[in-house]
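By convention in this document, chain letters (A, B, ...) are assigned in the order of the sequence lines, proteins followed by strands, and residues within each chain are numbered from 1.
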Protein chains: 2
Amino acid sequence: MTAYEKTCLIRGDGGRAVRAVLDRIGDTWSLLVVATLDGERLRFSELQQRVSGISQRMLTRTVRQLERDGLVSRTSYGEVPPRVEYELTPLGRTLLGPAVALAEWAVAHNRDVDASRASYDER
Amino acid sequence: MTAYEKTCLIRGDGGRAVRAVLDRIGDTWSLLVVATLDGERLRFSELQQRVSGISQRMLTRTVRQLERDGLVSRTSYGEVPPRVEYELTPLGRTLLGPAVALAEWAVAHNRDVDASRASYDER
DNA sequence: CAGGATCCGACATGATACTG
DNA sequence: CAGTATCATGTCGGATCCTG
């Protein structure tokens with residue numbers, strides 16, 4: 001792929017496509033929730049336990065948005081006490097590829113970035 | 001790659017690696033600026049023209065952070081009027097791979113997401 | 001158990017005006 | 001030209017309390 005093709009792909013339509021995707025999964029929790037649901041069907045409380053540090057409010061908001069975007073499906077059983085389970089949709093699973101690519105970049109290069117920051121901040 | 005390996009990669013260390021990356025490029029402009037600099041060395045004003053809609057202030061902040069993170073290099077020629085050029089560093093270029101993967105996902109699936117949103121919002 | 005409602009502080013972004 | 005300074009606004013995320 002040429003540089004021109006890449007830049008067109010990312011910047012296409014004024015960058016609207018990429019911005020749309022980042023608006024969806026660029027927040028603090030969405031990608032972590034999606035990754036956590038990979039291959040598993042989890043209840044709300046289980047999800048909260050596995051995504052360490054997420055508040056109840058943010059988990060609620062995150063799964064709502066993921067559900068709205070069609071990446072996660074929500075199943076509520078009409079029981080008392082309530083039981084609600086979440087899982088990835090087929091569409092949600094397709095996101096794992098790019099997400100893994102990003103994660104691989106992170107683990108491969110975060111040290112370089114941190115080093116660069118440190119040397120920049122010295123000045 | 002198994003689901004377990006993926007989830008570990010993304011969620012590893014409490015998701016710190018992915019969060020770090022998203023903190024850097026998950027904002028509105030960083031990824032667009034990086035993509036715009038792909039294969040080109042541009043002056044501040046050229047960059048602002050090509051990244052449509054970015055304000056002067058946000059471009060300044062964005063390139064500063066990208067420079068600090070070692071993804072972009074800044075060259076200031078001591079002239080009057082000032083001339084400053086930006087280009088990707090080798091590290092910055094490595095980000096283009098994951099970025100393209102994300103962009104491809106976006107153009108491939110944004111319609112599905114929009115459709116899901118529309119049907120969700122009907123209710 | 002799975003949330004909804006409310007309040008709050010921090011930060012991201014933008015508009016505008018100014019400067020070396 | 002390439003910024004900096006200041007002000008305003010909106011959103012993100014957390015803490016806390018309440019409920020069917």
Side-chain angles (χ1 to χ4, degrees), chain A residues 14-16 18-34 36-37 40-69 72-87 120 123, chain B residues 14-16 18-34 36-37 40-69 72-87 120 123:
Chain A
R16 218 167 299 175
V18 170
R19 197 133 64 200
V21 111
L22 287 178
D23 284 347
R24 276 170 203 129
I25 56 93
D27 63 0
T28 311
W29 302 111
S30 293
L31 205 52
L32 291 177
V33 169
V34 169
T36 303
L37 285 174
E40 293 200 272
R41 179 187 181 85
L42 296 175
R43 300 183 59 163
F44 185 89
S45 51
E46 292 171 329
L47 205 42
Q48 187 171 11
Q49 285 166 17
R50 306 210 189 188
V51 181
S52 71
I54 194 172
S55 68
Q56 193 182 49
R57 170 185 149 86
M58 288 316 296
L59 181 56
T60 300
R61 289 173 63 105
T62 302
V63 291
R64 283 282 171 284
Q65 190 163 8
L66 291 173
E67 185 195 1
R68 186 166 99 103
D69 291 346
V72 159
S73 73
R74 190 188 102 112
T75 310
S76 173
Y77 303 86
E79 303 175 356
V80 178
R83 182 161 61 100
V84 177
E85 287 181 354
Y86 296 92
E87 64 180 339
Y120 183 96
R123 292 165 265 168
Chain B
R16 218 167 300 176
V18 171
R19 196 133 64 198
V21 129
L22 288 177
D23 284 346
R24 277 170 201 128
I25 58 94
D27 64 1
T28 311
W29 302 111
S30 292
L31 206 50
L32 292 175
V33 169
V34 169
T36 303
L37 285 175
E40 293 200 273
R41 180 186 180 86
L42 297 174
R43 300 182 59 162
F44 186 89
S45 52
E46 292 171 328
L47 205 43
Q48 187 172 11
Q49 286 166 16
R50 304 209 189 187
V51 181
S52 71
I54 195 170
S55 67
Q56 194 182 44
R57 169 185 151 85
M58 286 317 296
L59 181 55
T60 301
R61 290 173 61 104
T62 302
V63 291
R64 282 282 172 283
Q65 189 162 12
L66 291 173
E67 186 196 2
R68 186 167 100 102
D69 290 347
V72 159
S73 73
R74 191 188 102 110
T75 309
S76 174
Y77 304 85
E79 302 175 356
V80 178
R83 181 161 62 98
V84 178
E85 290 181 352
Y86 295 92
E87 65 180 338
Y120 184 96
R123 294 164 265 168

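Residues A/Gly53 and A/Pro81 both approach DNA chain D. Their nearest nucleotides, taken by heavy-atom distance, put A/Gly53 toward the 5′ side.
In this structure, B/Leu59 places its CG atom 14 Å from P of D/dC1, rounding to the nearest Å. What separates CG of B/Leu42 from P of D/dC1 is a distance of 15 Å, to the nearest Å. C/dA12 atom P lies 17 Å from atom CZ of A/Arg19, rounded to whole Å. Between A/Met58 atom CE and D/dC12 atom C1' there is a gap of 6 Å when expressed in whole angstrom units. With rounding to whole Å, B/Arg74 atom CZ is found 12 Å from D/dC1 atom C1'. What separates CD of B/Glu79 from C1' of C/dG20 is a distance of 15 Å, to the nearest Å. One atom, CD1 of B/Ile54, and another, P of D/dG3, lie 12 Å apart when rounded to the nearest Å. Going from atom CG of A/Leu47 over to atom C1' of C/dC1 covers 14 Å, rounded to whole Å.
Side-chain contact check for A/Val34 versus A/Ile25: every heavy-atom pair is 4.5 Å or farther apart. Residues B/Arg50 and B/Glu40 are in side-chain contact: their nearest non-hydrogen atoms beyond the backbone lie under 4.5 Å apart. Within the 4.5 Å cutoff, no side-chain heavy atoms of A/Met58 are placed close to those of A/Asp27.
Rounding to the nearest 0.5 Å gives a distance of 15.5 Å between CZ of A/Arg68 and CZ of A/Arg74.
The number of heavy atoms from other shown groups lying within 6.0 Å of CZ (B/Arg64) is above 12. For A/Arg16, the CZ atom sits in a loose shell: 12 or fewer heavy atoms of surrounding residues, nucleotides or ligands are nearer than 6.0 Å.
Between B/Arg61 and C/dA12 there is a side-chain polar atom (N or O) within less than 4.0 angstrom of OP1 or OP2. Side-chain nitrogen and oxygen atoms of A/Ser45 include at least one within less than 4.0 Å of the OP1 or OP2 phosphate oxygen of C/dA2. Within the 4.0 Å cut-off from OP1 or OP2 of C/dG3, not a single side-chain nitrogen or oxygen of A/Arg43 is found. For B/Ser55, no side-chain nitrogen or oxygen approaches OP1 or OP2 of C/dA15 to under 4.0 Å.
With C/dT13, D/dG3, C/dG4 as the candidates, the nucleotide lying closest to the side chain of A/Arg64 is C/dG4. Each of D/dG3, C/dA2, D/dC1 was ranked by its minimum atom distance to the side chain of B/Thr60; first place goes to D/dG3. Comparing C/dC1, D/dA2, C/dG3 against the side chain of A/Gln56 picks out C/dG3 as the nearest. Candidate nucleotides D/dG3, C/dA2, D/dC12 were compared by shortest atom distance to the side chain of A/Pro82, and C/dA2 ranks first. Distance from the side chain of A/Tyr86 is smallest to C/dG3 among C/dT13, C/dG3, D/dG13. Taking only side-chain atoms of B/Val84, from C-beta outward, the nucleotide of D/dA2, C/dG14, C/dG3 with the closest atom is D/dA2.
Among the atoms of the strands shown, none is found under 4.0 Å from any heavy atom of A/Ser76.
Contact of B/Arg57 with D/dT4 (side chain to base): no donor-acceptor pair of N or O atoms is detected under 3.5 Å.
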